[in-house]
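Heavy-atom basis, side chains included; hydrogens, waters and symmetry copies ignored. Labels below follow one simple rule: chain letters A, B, ... track the order of the sequence lines, proteins then strands, and each chain is numbered from 1.
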Amino acid sequence: MTLFLRQSWAIAAKDLRMELRNREVISSVGAFALIVMMLFSFAFDPSSNPEARSMSGGLLWIVYPFAGILILNRSFGRESANGCLIGLTAAPAGGGAVFLGKTIASFVLLFTLEVASLLVFKVFYNVSWTGSSATLIAVLLLGGWALASTGSMFGAVTANNRLRELMMPVLVLPMVLPALIACVQLTTLILAGEPIGESFIWMRLLVVYNVIFTLLGATLTDFVLSS
Amino acid sequence: MTDSAIRVENVTKFFGDFPAVRSVSFDLPRGAVLALLGRNGAGKTTMLDMLAGISSPSTGSIEIGGALNDVDRRRKVGILGHGQWLYDDLTATENLEFFARLYDVAGAAEKIQGWLKDAGLARFHHATVGEFSRGMRQRVAVARAFLHNPEILLLDEPWTALDDRAVEFLSGKIRQAQERGCTVVVCSHQLREALEVATQVAVLERGRLALFSPNDAELRAAPETLYQRIS
């Protein structure tokens with residue numbers, strides 16, 4: 001493993017270890033996701049209203065980005081105590097490794113949330129994805145990475161800003177919108193049991209989005225942290 | 001290959017329109033200990049941040065052990081800054097392991113155990129740093145700065161809030177580093193401690209280098225005369 005990847009993994013492992021120790025993000029986003037899905041299930045009553053299934057992808061992808069913002073805010077927020085961000089900047093890791101490490105840690109937490117809330121969603125909405133599990137997991141992975149990489153990029157930009165927690169959703173959500181639209185389209189088809197067919201173009205969009213924003217994030221974070 | 005450990009050439013740093021450091025130049029030979037002194041707001045911390053590669057000069061150049069590139073410079077430097085840069089939710093061992101990975105330190109586990117023993121913190125290895133006193137945290141921060149055997153040590157107010165034992169621990173580590181050829185820059189308001197270890201003295205005044213000279217016995221005996229030399 002190259003030094004760059006070892007440094008990135010060290011940063012990700014440190015963030016995950018801290019989260020496992022105090023569980024401050026997992027518990028709050030878990031509660032948020034559960035409450036929103038419960039409220040939606042009362043509002044749309046999916047057991048008696050089959051139309052609700054056509055909205056299921058949209059409902060899930062309302063929960064993920066807002067829960068994701070909570071995770072992403074905390075990612076660089078961890079570095080604000082004791083001037084730890086300066087410690088990271090002073091180390092020979094480079095902004096690219098910091099970006100990748102932060103993205104990996106946020107992605108692991110986001111993906112855990114996605115899988116856990118999908119299981120709860122299955123119970124509330126009586127949906128099934130048998131036969132499309134691999135495609136659904138691919139959508140969750142690509143959508144999770146899109147949120148984590150875009151959020152980490154703006155996390156670095158706003159790291160020293162007093163209004164960081166307010167600015168994150170304002171900056172991240174419009175930027176990640178193309179990826180979210182792709183995720184909604186694909187998830188809705190999968191949960192409705194329909195073939196992906198021509199909508200596979202949304203999957204390609206997700207891949208291209210992730211490649212662009214991962215490269216952009218690594219470059220921009222390096223510039224932001226060094227200036 | 002240059003003989004200078006640190007070469008600063010005509011460095012200026014602006015924050016907006018405000019020049020925090022103005023046209024500073026100096027050469028520091030390998031193995032020297034520089035006491036970088038000055039009143040509050042003189043530009044000491046800004047200068048130290050630029051030496052560490054944390055921020056870049058607006059104009060001028062800084063060479064650390066022959067390296068001009070920021071990442072190469074950071075590899076050669078150990079820094080003890082205003083903040084301790086430790087994670088409260090991790091233990092002292094976990095904090096040091098994390099920084100050892102960032103600096104790619106070989107044989108990190110043994111070195112960390114040795115440092116914790118030296119710092120008198122071996123029996124607290126299960127406690128998180130958040131539970132430590134200020135002095136204990138500063139000792140962990142000292143270990144973090146020295147862990148990768150840096151060629152250059154940059155210490156910003158290192159004796160602040162330390163008890164006698166911790167001051168002795170830190171001063172001993174600075175002397176050991178100097179003996180193995182390490183170059184040290186110490187920013188401090190504590191003139192007596194700084195001049196005791198320094199071989200060179202520099203004073204910054206409103207961002208300008210007002211004095212750069214070898215330390216002498218007269219100054220060590222009467223540190224309060226330092227600012228009279230400038231005026």
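Note on B:Asn95, B:Val77, B:Leu86, B:Asp49: by heavy-atom pairs under 4.5 Å with chain A, the leading option is B:Leu86.
Counting non-hydrogen atoms of neighbouring residues, nucleotides and ligands closer than 6.0 angstrom, the CZ atom of A:Phe124 exceeds 12 such neighbours. A 6.0 Å sphere centred on CZ of A:Arg23 holds no more than 12 heavy atoms belonging to other residues, nucleotides or ligands. The number of heavy atoms from other shown groups lying within 6.0 Å of NZ (A:Lys122) is above 12. More than 12 heavy-atom neighbours from other residues, nucleotides or ligands sit within 6.0 angstrom of CZ on B:Arg180.
Between B:Asp88 atom CG and A:Cys84 atom SG the span is 7.5 Å, to the nearest 0.5 Å. Rounded to the nearest 0.5 angstrom, A:Thr89 OG1 and B:Ile54 CD1 are separated by 7.0 Å. Rounded to the nearest 0.5 angstrom, A:Gln7 CD and B:Asp104 CG are separated by 7.0 Å. A:Leu3 contributes atom CG, which lies 6.0 Å from atom CZ of B:Arg75 (distance to the nearest 0.5 angstrom). With rounding to the nearest 0.5 Å, the separation of OH in B:Tyr87 from CE in A:Met18 is 7.0 Å.
Of the two parts of B:Arg137, only the side chain, counted from C-beta on, holds a non-hydrogen atom closer than 4.5 Å to a non-hydrogen atom of chain A. Both the backbone and the side chain of A:Ile11 come within contact range of chain B, judged by heavy atoms closer than 4.5 Å.
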- From CA spacing to verdict: side chain to side chain contact (heavy atoms under 4.5 Å, CB included), B:Glu94, A:Arg17: CA-CA 10 Å; B:Glu94 288 166 348; A:Arg17 186 191 291 247; 2.8 Å; yes
- Would B:Phe99 and A:Leu88 satisfy side chain to side chain contact (heavy atoms under 4.5 Å, CB included), going step by step from the backbone distance to the final call? CA-CA 9 Å; B:Phe99 283 98; A:Leu88 270 186; 5.7 Å; no
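B:Leu90 and A:Arg21 make their closest contact through CA-NH1, 3.7 Å (heavy atoms, listed as atom of the first residue, atom of the second, distance). Heavy atoms only, all atoms of each residue included: A:Pro92 and B:Tyr103 are closest at CD-CE2, 3.3 Å. When every heavy atom of B:Trp85 is checked against every heavy atom of A:Gly83, the shortest pair comes out as CD1-O, 3.1 Å.
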